[in-house]
Amino acid sequence: MVSTTAFATVGATPTTTTTATTQPTTTQPTTTQPGDYDSTYYRTAIGKSGAELKTALNQIIRTNTKLTYDQVWNALKATDEDPNNPANVILLYTGRSQSKTGNGGDPDDWNREHVWAKSHGDFGTATGPGTDIHHLRPTDVSVNATRGNKDFDLGGSPVAEAPGNFTDADSWEPRDAVKGDVARMIFYMDVRYEGGDGYVDLELNDSVNNGASPYHGRRSVLLRWNAQDPPDAFEKRRNQVIYDSYQRNRNPFIDHPEWAPAIWN
């Protein structure tokens with residue numbers, strides 16, 4: 001994945017939950033450093049572990065602005081912008097830099113990939129988990145279709161259109177450069193959607209073939225990917241853009257990857 005320079009803190013903790021009715025205004029993110037939000041945004045989570053940490057993080061990140069599915073198109077053009085070509089976005093599984101205007105439904109266009117497959121919990125594209133850009137990424141249309149709603153695991157046959165990715169009947173293995181990104185998006189969805197605010201309760205498990213159940217796996221592999229592929233500058237910048245300009249919440253596992261094994265040990 002193409003990287004950019006690191007980005008630094010802005011500050012305030014979001015306190016309200018709203019539903020966006022117009023496209024949020026994009027602002028330029030500033031640089032964040034590890035721990036920048038520990039005394040503010042994450043202050044109630046610091047020092048916790050296990051179920052206590054998961055509950056604290058849910059209470060922090062659930063106060064997010066909601067987007068419509070149409071608004072996601074423009075949001076992804078900002079969150080996944082190619083740092084070397086601002087007219088393009090970087091596609092998740094292929095790593096290809098593609099024109100922002102090349103979105104649509106043709107095989108080589110890009111579209112909106114639900115990393116937590118939307119059929120896993122049957123939440124579709126309704127506002128909430130279906131439009132949460134912390135797990136929505138620009139992806140080649142036909143590669144998105146090949147991935148489908150498969151769980152994440154190791155192995156399978158190479159994906160000809162997306163070198164470095166592998167797939168079989170029930171699982172998908174992304175390329176090495178985004179393995180950790182995928183893991184941290186799945187961790188976020190589990191923690192954000194606990195069923196207490198009218199949305200489905202999503203849960204990690206250590207299985208594949210989860211179908212329409214609100215589960216996603218494979219947990220042990222995702223934890224390994226989180227350790228193997230730590231957050232890079234592109235992923236950190238993306239987190240900051242979402243916080244500053246769109247949802248006003250953060251993916252805590254990008255700021256603190258060590259919180260994943262602290263919850264799912």
Side-chain angles (χ1 to χ4, degrees), residues 1-7 32-35 42 49-50 53-54 57 79-80 82-83 90-97 113-117 120 134-140 143-144 146-147 149-159 161-168 170-192 202-210 215-240 242 250-265:
M1 167 110 27
V2 181
S3 297
T4 187
T5 53
F7 280 78
T32 48
Q33 301 298 331
Y42 294 124
S49 63
L53 174 58
K54 187 179 182 184
L57 291 175
T79 59
D80 291 73
D82 182 346
I90 300 293
L91 307 191
L92 177 64
Y93 298 129
T94 61
R96 186 170 77 238
S97 179
E113 153 83 333
H114 290 79
V115 177
W116 184 294
H120 291 221
H134 275 296
H135 87 117
L136 284 161
R137 299 292 292 267
T139 310
D140 178 275
V143 173
N144 189 349
T146 301
R147 187 258 157 149
N149 69 347
K150 296 172 182 174
D151 291 277
F152 295 104
D153 201 0
L154 294 166
S157 301
V159 180
E161 196 176 359
N165 297 261
F166 299 86
T167 191
D168 58 21
D170 56 18
S171 71
W172 180 268
E173 178 182 349
R175 60 195 177 97
D176 290 347
V178 296
K179 278 183 164 67
D181 307 50
V182 165
R184 288 180 283 275
M185 286 185 276
I186 297 295
F187 299 156
Y188 165 89
M189 291 295 283
D190 178 302
V191 170
R192 167 60 186 88
L202 303 178
E203 295 291 336
L204 261 174
N205 68 9
D206 210 33
S207 301
V208 293
N209 263 332
N210 279 302
Y215 307 124
H216 224 301
R218 185 180 298 269
R219 182 179 57 235
S220 57
V221 171
L222 292 166
L223 287 167
R224 195 182 320 163
W225 291 350
N226 177 57
Q228 290 174 347
D229 174 36
D232 62 12
F234 187 96
E235 191 180 0
K236 291 175 183 177
R237 177 193 177 276
R238 188 176 199 278
N239 198 27
Q240 194 66 38
I242 293 171
R250 305 183 67 80
N251 181 335
F253 302 101
I254 296 173
D255 294 324
H256 285 280
E258 74 278 6
W259 279 346
I263 293 173
W264 298 286
N265 50 27

Give a yes or no on whether a salt bridge exists between [X] and [Y], defined as a side-chain N under 4.0 angstrom from a carboxylate O.
X: Arg238; Y: Asp80; value: yes
X: Lys54; Y: Glu203; value: yes
X: Asp229; Y: Lys179; value: no

[atom2] on [Y] to [atom1] on [X], rounded to 0.5 Å:
X: Arg175; Y: Asp181; atom1: CZ; atom2: CG; result: 8.0 Å
X: His135; Y: Asp190; atom1: NE2; atom2: CG; result: 13.0 Å
X: Ile242; Y: Ile254; atom1: CD1; atom2: CD1; result: 7.0 Å
X: Met189; Y: Asn251; atom1: CE; atom2: CG; result: 10.5 Å
X: His256; Y: Tyr42; atom1: NE2; atom2: OH; result: 6.5 Å
X: Thr146; Y: Trp172; atom1: OG1; atom2: CH2; result: 5.5 Å

Query raised in the report: Listed by chain and number, what are the side-chain hydrogen bond (donor to acceptor under 3.5 Å, both in side chains) partners of Glu161, not counting sequence neighbours?
Result: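 For Glu161 the side-chain hydrogen bond (donor to acceptor under 3.5 Å, both in side chains) partners, ignoring immediate neighbours, are Ser142.
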Query raised in the report: Which residues pass the salt bridge (charged side-chain N to carboxylate O under 4.0 Å, His left out) test with Lys150, sequence neighbours left out?
Result: none
**Report entry** Asp170: partners by salt bridge (charged side-chain N to carboxylate O under 4.0 Å, His left out), with sequence neighbours left out
**Finding:** none
[X] side-chain N/O to [Y] backbone N/O, donor-acceptor pair under 3.5 Å:
X: Glu173; Y: Gly155; value: yes
X: Arg96; Y: Ala162; value: no
X: Asp82; Y: Ile90; value: no

Query raised in the report: Under the criterion side chain to side chain donor-acceptor pair (under 3.5 Å), which of Asn239, Asp255, Asn226 is the partner of Arg184?
Result: Asn226
**Report entry** Of Asn210, Asp206, Asp153, the residue whose pairing with Arg218 passes side chain to side chain donor-acceptor pair (under 3.5 Å)
**Finding:** Asp153
Query raised in the report: If you measure only the distance, is there a donor-acceptor pair under 3.5 Å linking the side chains of Asp168 and Ser171?
Result: yes
Query - Full working for side-chain contact (heavy atoms from CB on, under 4.5 Å) between Gln228 and Trp225 - result: CA-CA 5 Å; Gln228 290 174 347; Trp225 291 350; 3.7 Å; yes
Could you pull out all residues at least two apart from [X] that satisfy ring pair (Phe, Tyr, Trp, His ring centres under 6.0 Å)?
X: Trp264; value: Phe187, Phe253
X: His134; value: Tyr188
X: His216; value: Trp116, His120, Phe152

Query raised in the report: Looking at side-chain heavy atoms only, is the closest gap between Val115 and Leu92 below 4.5 Å?
Result: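 Val115 vs Leu92: side chains touch.
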